[in-house]
Amino acid sequence: MDMSRTYSSDIAFTPVVKEIQARKGSRHGYASMEERGSWMTEITPDLKVFIESQISAFLGTASKDGQPYIQHRGGPPGFLTVLDEKTIGFADFSGNRQYISQGNLAENPKAHLFLIDYGTRQRVKIWGTARVVEDDAALIGRLMPHDYRARPEQVILFTVEAWDANCPQHIPQRFEAAEVLALMTEKDARIKALEAEIAQLKSKS
């Protein structure tokens, strides 16, 4: 293996991480992954569908001193918008106005997006950089979900450097309330239809 080569997964697999992988026995498998092409660096059509179907996301940032922070962002499907094969954008809604993520990004653009779909037990980790765009009404209008009750304050643009999709191990399967309600409504309608059919058959006997 050529140790001088660099791989997209090096964004997370630092030399220290690789040393630990070697000590704990997983380095060989990840080295094989690297030789096969390592992690994807662009948004594929399948990843675009996954991203834009999410209603929840976690944005990780850190201060210039390395103090980490994770912020939750949510909205209707499509609130995360793939603008091109390297860029994800979303309207940043007004909240508690602490501005920790924005402050971190002002001095350290490195960022991480963690997406998890409990219904399908899928998770995607995306490394990259992010920046805040203020006072761009056209961009806010493009990214603001239609008829969503929130006040967009600014936009966050996330540039993808590498991404990895994990296995479903240990992800609990949960479903959104709206999905469960739709299934229950469909089931109730089917029961009523069957009951009416049974009653009609009985009346003819």
Side-chain angles (χ1 to χ4, degrees), residues 11-12 39-40 42-63 67-105 108-134 139-186:
I11 195 168
W39 292 343
M40 299 289 290
E42 295 181 347
I43 299 171
T44 62
D46 286 346
L47 180 60
K48 180 179 186 297
V49 170
F50 181 82
I51 290 171
E52 295 186 341
S53 69
Q54 299 308 300
I55 60 173
S56 181
F58 296 93
L59 175 67
T61 61
S63 68
Q67 178 63 48
Y69 180 68
I70 297 176
Q71 183 176 49
H72 174 264
R73 280 293 178 256
F79 90 96
L80 294 176
T81 301
V82 174
L83 299 174
D84 57 48
E85 61 189 13
K86 296 289 289 186
T87 311
I88 302 166
F90 60 93
D92 195 25
F93 309 134
S94 180
N96 58 22
R97 303 176 68 83
Q98 290 183 340
Y99 303 115
I100 299 173
S101 295
Q102 183 170 0
N104 286 348
L105 292 174
N108 177 8
K110 293 182 180 181
H112 186 88
L113 270 177
F114 185 87
L115 309 178
I116 184 164
D117 188 317
Y118 289 100
T120 60
R121 299 177 68 224
Q122 292 179 286
R123 56 185 166 183
V124 174
K125 301 178 294 187
I126 308 175
W127 286 262
T129 58
R131 62 188 178 94
V132 175
V133 178
E134 299 180 284
L139 186 58
I140 288 177
R142 180 181 178 185
L143 296 176
M144 182 63 192
H146 183 63
D147 289 336
Y148 187 61
R149 299 187 63 178
R151 185 175 73 82
E153 186 169 353
Q154 53 205 11
V155 162
I156 292 181
L157 296 179
F158 187 100
T159 301
V160 175
E161 293 187 16
W163 63 272
D164 180 41
N166 286 106
C167 71
Q169 187 178 21
H170 306 305
I171 299 177
Q173 191 168 41
R174 299 173 179 170
F175 297 96
E176 298 299 325
E179 296 174 340
V180 174
L181 179 61
L183 290 172
M184 293 293 290
T185 301
E186 181 182 347

**OP:** State the CZ-CD1 distance between F158 and I126, to the nearest 0.5 angstrom.
**Re:** 6.0 Å
**OP:** Please name the pair of heavy atoms, one in A130 and one in L105, separated by the smallest distance, quoted to 0.1 Å.
**Re:** O-CD2, 3.7 Å
Subject >> Pair D92, Q154: side-chain N/O donor-acceptor within cut-off below 3.5 Å >> reply: yes
Original post:
How many angstroms lie between CD1 in I100 and CG in L59, if you round to the nearest 0.5 Å?
Top reply: 12.0 Å
**OP:** Write down the atom of L113, the atom of A57, and the distance for their closest heavy-atom approach.
**Re:** CD2-CB, 4.5 Å
Original post:
What pair of heavy atoms forms the shortest contact from L157 to G89, and how long is it?
Top reply: CD2-CA, 3.9 Å
Subject >> Closest heavy-atom pair and its distance - I43, K48 >> reply: CG2-N, 3.8 Å
Original post:
Just by modelled atom types, is the T159 backbone N or O under 3.5 Å from a matching donor or acceptor in the K86 side chain?
Top reply: no
Original post:
Between atom CZ of F114 and atom OG of S56, what is the distance when rounded to the nearest 0.5 Å?
Top reply: 10.5 Å
**OP:** Kindly indicate whether the side chain of I156, heavy atoms from C-beta on, has any atom under 4.5 Å from the side chain of F90.
**Re:** yes
**OP:** Please round to the nearest 0.5 Å and tell me the distance separating atom CG of D46 and atom CE of M40.
**Re:** 9.5 Å
Subject >> Nearest heavy atoms of P152 and A91, plus distance in Å >> reply: CB-CB, 4.2 Å
**OP:** Rounded to the nearest 0.5 Å, what's the gap from CZ on F58 to NZ on K125? Could you check?
**Re:** 15.0 Å
Original post:
Is the side chain of D164 donor-acceptor paired with the backbone N or O of W39 at a distance under 3.5 Å, no angle test?
Top reply: no
Subject >> Stepwise side chain to side chain contact (heavy atoms under 4.5 Å, CB included) test for Q102 and E134 >> reply: CA-CA 11 Å; Q102 183 170 0; E134 299 180 284; 3.6 Å; yes
Original post:
Are L47 and V82 close enough that some pair of their side-chain heavy atoms sits under 4.5 Å apart?
Top reply: no
**OP:** To the nearest 0.5 angstrom, please state how far the CZ atom of R151 sits from the CE atom of M144.
**Re:** 10.5 Å
Original post:
Quick check: does any side chain N or O of W127 sit under 3.5 Å from a backbone N or O of W163, one acting as donor and the other as acceptor?
Top reply: no
Original post:
Shortest non-hydrogen contact from I11 to A162?
Top reply: CG2-CB, 4.1 Å
**OP:** Show your reasoning for whether side chain to side chain contact (heavy atoms under 4.5 Å, CB included) applies to Q71 and T61.
**Re:** CA-CA 8 Å; Q71 183 176 49; T61 61; over 6 Å; no
